[in-house]
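Here's the structure we're looking at; comments come further down.
Computed over heavy atoms, backbone and side chain alike; hydrogens, waters and symmetry mates excluded.
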Amino acid sequence: QVQLVESGGGLVQAGGSLRLSCVASGRTVSSAYMAWFRQAPGKAREFVAAIGWSGSWSRYADSVKGRFTISRDNAKNAVYLQMNTLKPEDTAVYYCAAGSVPAITANGFASWGQGTQVTVSS
């Protein structure tokens, strides 16, 4: 079992930036692939970005391409999401996820964090 703890959420104005962090503990060998998802009020959870162990494999949702960057530091068991040029529609709870296979859907990830709120004001 992998435990994931997110941090870095908050309130930011449109056009601003935030950096989310997620630290994994426990059976981190099962966190070869890590991802960020988000869920806005009244909407389904949606994929944001994912990254493989070495960083050579990554995927982004079309809605965040060119604005968000996912990265990881394996020595710290951490994954990050740098979010630039934020828009009000980016407002959501952001969740960190970990899994052992490459995936961009929620059912491809076995472990989840508790989420961190990101609010972008217009």
Quiz item: When you measure from the centre of the six-membered ring of Y95, is the NZ or CZ of R45 under 6.0 Å away and within 45° of the axis?
Solution: yes
Exercise. Using a strict cut-off of less than 4.0 Å between a Lys/Arg side-chain nitrogen and an Asp/Glu carboxylate oxygen, indicate whether K87 and D90 qualify as a salt bridge.
Key: no
To the nearest 0.5 Å, tell me how far [X] [atom1] sits from [Y] [atom2].
X	Y	atom1	atom2	answer
L86	F68	CG	CZ	5.0 Å
Y94	S7	OH	OG	15.0 Å
L20	Y80	CG	OH	12.0 Å
Y60	R67	OH	CZ	12.5 Å
L18	T116	CG	OG1	9.0 Å
W36	C96	CH2	SG	5.0 Å

For [Y], does its backbone N or O pair with a side-chain atom of [X] as donor and acceptor, under 3.5 Å?
X	Y	answer
E6	Q114	yes
R72	G55	no
S111	Q3	no

Quiz item: With a 4.5 Å limit on heavy-atom distance, are the side chains of V120 and M83 in contact?
Solution: no
What's the shortest heavy-atom distance between [X] and [Y], and which atoms?
X	Y	value
A103	A50	O-CB, 3.8 Å
K43	Q39	O-NE2, 3.1 Å
F37	A35	CE1-CB, 3.8 Å
Y33	G52	CD2-CA, 3.6 Å

Quiz prompt | Intermediate values then yes/no, side chain to side chain contact (heavy atoms under 4.5 Å, CB included), S21 and K76 | solution = CA-CA 11 Å; S21 300; K76 297 181 179 179; over 6 Å; no
Quiz prompt | V2, V79, N77, I70 screened by side chain to side chain contact (heavy atoms under 4.5 Å, CB included) with M34, the one that passes | solution =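 Only match with M34 under side chain to side chain contact (heavy atoms under 4.5 Å, CB included): V79.
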Self-check item: Same apolar cluster: V48 and V23, side chain cutoff 4.5 Å
Solution: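 No, no single cluster joins them.
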Exercise. Check the hydrophobic clustering (I, L, V, M, F, W, Y; side-chain heavy atoms under 4.5 Å; chains of links allowed) and say if W57 and F109 are grouped together.
Key: yes
Quiz prompt | Derivation of the side chain to side chain contact (heavy atoms under 4.5 Å, CB included) call for T91 and Q117 | solution = CA-CA 8 Å; T91 295; Q117 177 71 46; 4.0 Å; yes
